[in-house]
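Heads up: the structure comes next, in structure tokens.
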Amino acid sequence: MIITTFKKSYIWRSIFIFYAVIASLLILSGDDWAWGSEEGWSRLENGFDYYNGRYLGNIIEIFITRSLLFRIAMYALVNTGIVYVTWLLLNRKFSIPLIMLLIISMPISIYGETYGWLAGFANYNTSLLAILYILYVAKKKQPKMLELFFVGIIAFLGQFFVENVSIASVVMAVIGLLLALFYKEKKAVFIVWLMGAAVGAYIMFSNTAYHTEGNMREVGGLDFTLLFTTMITSWSEFYFKDNLILIVLFTIVLAIIGKGQKYLVGSILVIAMYFIIRNLVGLSPASLPYYLLVVEFILMCIYLIALLIIVGKSKVKNENKRYFYTYFLYAIILLGPFLLITPFGPRNMLLTYMLLVICLLLICDEKIVEWLRKGNKLVVLAVIGFCMTFIIMHGANKIENHTRYDQLVEEYEAGAKFSTLTRLPFEEIGHDLTPRFNNLQRQRQIEYYNLPSDIRIRLSNYIHIEPEPPYGPIEPKYLR
């Protein structure tokens, strides 16, 4: 018992140290340059009016862009907390390294806009931790009064990070309450959750940014004409097609638990193979004809329906099935608003991704759990490999970020017409680390690093220029 406790404490310390190291290596980029300058203070002084209702996320962003110590502590605590609460939510049934591995192996596009970007972390990782804690307490048969108190506080405060999570939190609380009524279970936690979430959402969306015509966050600016186009492009891309590892793992688990369902299992194997090959060859929705995107959407729906049926007919415990279906529904609800509103990027997938990870582990039967226990040493090695890789990549970016600005100033002082800004070696693990165009972010970059205002920048190390990450529907080839 003592040895087991020591091993677990060693694991938690290791995870905390890993995230602390990553935090120390992160580079300010994109919106971070604004938050870390006078512009951030002016937004705070204005109460973030006409900007957004992400009050807590904004405040956290202001401080983590200014204090390295606060950044390291906040980043390490929140991200270690995500692993810890996920472990608790799964009744400590799965090893901590396995959960860590599934988190760190998320699509790099999601990682780059959350774990690799301070502005993304301040809003998306924090709101993820809040929702996971509420789900953990809600799953308990007899939550304590203190836990109910924390649920109310966290449900309220958790509304001031991300708009879609704020909306989803209210809907999730309502669904949880209805299920509690149906199963005749304790309802207090869902009532407290709903009250805190509803009040918080009301305050958030009272911000004038959501009621000002022309503002990118205007609530009334919905475009129903783009609904199906969004569904078959960016929405299905982020929700399903980009999640290569999850597709593989879900397919393996379903093949194991789906005994006697050969036609359903066969259909998911064929569909999974198509999307795996599609992912490996690097096909993008922008290059595909409209009819093929429709076909892919139909294949995705068949896969998901087959998944739900296989789980329902499997010998997985009924309690696990119930939570699987609930969390699966939550995962869809979280992305629902983005069928109509923008901006929509990979960062919006973080909470949905984590819910899908939990769903995957919930449907693992005892045979799979035993195999995972036996293979835990391999899992640990994989985690160490991933962690070292990310530390090396972030470290290389950190070093190159220092040298590239020295080179930039040297060329300017030498009288060069254009000063060269070198692209970082691992741009994918961050967001907007090197603005590609002479836009607002480029101006913020110049101001943050105190570069001469008249400097003219050209970029190097761009093999080819691609459009910015998709926000809203991706325009298919034959829809132009």
Side-chain angles (χ1 to χ4, degrees), residues 83 86-107 110 135 139 236 239-280 296 298-332 349 352-383 385-386:
V83 182
T86 303
W87 180 61
L88 293 180
L89 188 58
L90 291 163
N91 299 323
R92 310 184 187 195
K93 185 177 180 180
F94 297 92
S95 70
I96 302 164
L98 176 64
I99 294 170
M100 181 66 180
L101 178 61
L102 290 171
I103 291 174
I104 204 170
S105 62
M106 69 177 60
I110 300 176
L135 292 177
K139 196 178 177 185
S236 58
Y239 181 76
F240 184 81
K241 301 173 191 176
D242 280 351
N243 286 301
L244 178 61
I245 292 178
L246 278 188
I247 290 174
V248 171
L249 294 178
F250 264 111
T251 303
I252 293 171
V253 171
L254 291 171
I256 295 172
I257 68 173
K259 289 182 178 179
Q261 305 179 61
K262 59 182 180 180
Y263 294 112
L264 286 173
V265 171
S267 66
I268 65 166
L269 285 172
V270 172
I271 294 171
M273 188 59 66
Y274 168 78
F275 284 111
I276 290 169
I277 295 172
R278 176 195 188 275
N279 199 298
L280 292 176
E296 286 190 345
I298 293 170
L299 289 177
M300 181 191 77
C301 291
I302 293 172
Y303 185 99
L304 296 177
I305 292 169
L307 182 155
L308 297 175
I309 295 172
I310 290 172
V311 172
K313 291 184 176 182
S314 71
K315 294 181 180 179
V316 173
K317 293 179 181 178
N318 288 332
E319 184 182 17
N320 282 11
K321 287 181 183 179
R322 171 189 164 184
Y323 286 111
F324 165 81
Y325 287 121
T326 303
Y327 296 157
F328 193 86
L329 177 60
Y330 287 168
I332 295 175
M349 264 295 301
T352 291
Y353 176 84
M354 280 305 303
L355 288 174
L356 292 176
V357 165
I358 293 168
C359 286
L360 172 68
L361 295 176
L362 281 172
I363 60 174
C364 290
D365 61 16
E366 293 303 322
K367 184 190 296 183
I368 299 174
V369 173
E370 185 58 32
W371 289 344
L372 290 171
R373 287 198 186 107
K374 290 179 179 179
N376 194 52
K377 289 183 180 179
L378 292 176
V379 172
V380 171
L381 289 175
V383 171
F386 268 102

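Since the structure is predicted, the reported quantities are computational estimates derived from the model, not experimental observations.
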Check your understanding: Tyr330 side chain to Tyr325 main-chain N or O, any donor-acceptor pair under 3.5 Å?
Key ->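 No, the answer is negative, given that no donor and acceptor are paired below the 3.5 Å cut-off.
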Review point. Is it true that a side-chain atom of Lys321 and a backbone atom of Ser314 form a donor plus acceptor pair closer than 3.5 Å?
Key: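 It does hold such a pair.
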Min side-chain heavy-atom separation [X]-[Y] under 4.5 Å:
X      : Y      : result
Leu360 : Val357 : no
Ile277 : Met273 : yes
Phe240 : Leu246 : no
Ile104 : Val383 : no
Arg322 : Asn318 : no
Thr86  : Met354 : yes
Val380 : Asn376 : yes
Phe328 : Leu356 : yes

Supply the atom-to-atom distance [X] [atom1] to [Y] [atom2], rounded to the nearest 0.5 angstrom.
X      : Y      : atom1 : atom2 : answer
Leu264 : Ile305 : CG    : CD1   : 10.5 Å
Leu372 : Phe94  : CG    : CZ    : 6.5 Å
Phe324 : Ile358 : CZ    : CD1   : 12.5 Å
Tyr353 : Tyr239 : OH    : OH    : 13.5 Å
Ser95  : Met100 : OG    : CE    : 12.0 Å
Lys139 : Thr326 : NZ    : OG1   : 10.5 Å

Do you know which two heavy atoms are closest between [X] and [Y], and how far apart they sit?
X      : Y      : result
Asn320 : Leu362 : ND2-O, 3.1 Å
Cys364 : Val369 : O-CG2, 4.0 Å
Val316 : Ile363 : CG2-O, 3.5 Å

Exercise for review: Please report the C-alpha distance between Ile309 and Lys313 in whole Å, then the side-chain angles of each, then the deciding distance to 0.1 Å, and finally whether the side chain to side chain contact (heavy atoms under 4.5 Å, CB included) criterion is met.
Suggested key: CA-CA 6 Å; Ile309 295 172; Lys313 291 184 176 182; 4.0 Å; yes
Practice item. Verify side chain to side chain contact (heavy atoms under 4.5 Å, CB included) between Asn243 and Met349, making sure each step is shown before the conclusion. Key: CA-CA 10 Å; Asn243 286 301; Met349 264 295 301; 3.7 Å; yes
Exercise for review: Would you please test Ile268 and Ile302 for side chain to side chain contact (heavy atoms under 4.5 Å, CB included) and show each step?
Suggested key: CA-CA 8 Å; Ile268 65 166; Ile302 293 172; over 6 Å; no
Review point. Going by an N to O cut-off under 4.0 Å, is there a salt bridge joining Arg373 and Glu370?
Key: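 A salt bridge links Arg373 with Glu370.
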Exercise for review: Apply salt bridge (Lys or Arg N to Asp or Glu O under 4.0 Å) to Lys93 and list each qualifying residue two or more places apart in sequence or on a separate chain.
Suggested key: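 Once residues adjacent in sequence are excluded, the partners of Lys93 under the salt bridge (Lys or Arg N to Asp or Glu O under 4.0 Å) criterion are Glu366.
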Point to revise | Residue pairs, two or more places apart or on separate chains, that pass salt bridge (Lys or Arg N to Asp or Glu O under 4.0 Å) and touch residues 240-249 | key: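 Residue pairs passing salt bridge (Lys or Arg N to Asp or Glu O under 4.0 Å), neighbours aside: Glu237-Lys241, Lys241-Glu296.
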Practice item. Could you please spell out the steps behind the side chain to side chain contact (heavy atoms under 4.5 Å, CB included) verdict for Thr352 and Ile332? Key: CA-CA 7 Å; Thr352 291; Ile332 295 175; over 6 Å; no
For residues 249-262, which side-chain N or O atoms pair as donor and acceptor with protein atoms under 3.5 Å away, sequence neighbours left out?
{"unit_1": "Thr251", "atom_1": "OG1", "unit_2": "Ile247", "atom_2": "O", "d": "2.6"}
{"unit_1": "Thr251", "atom_1": "OG1", "unit_2": "Tyr303", "atom_2": "OH", "d": "2.8"}
{"unit_1": "Gln261", "atom_1": "NE2", "unit_2": "Ile310", "atom_2": "O", "d": "3.4"}

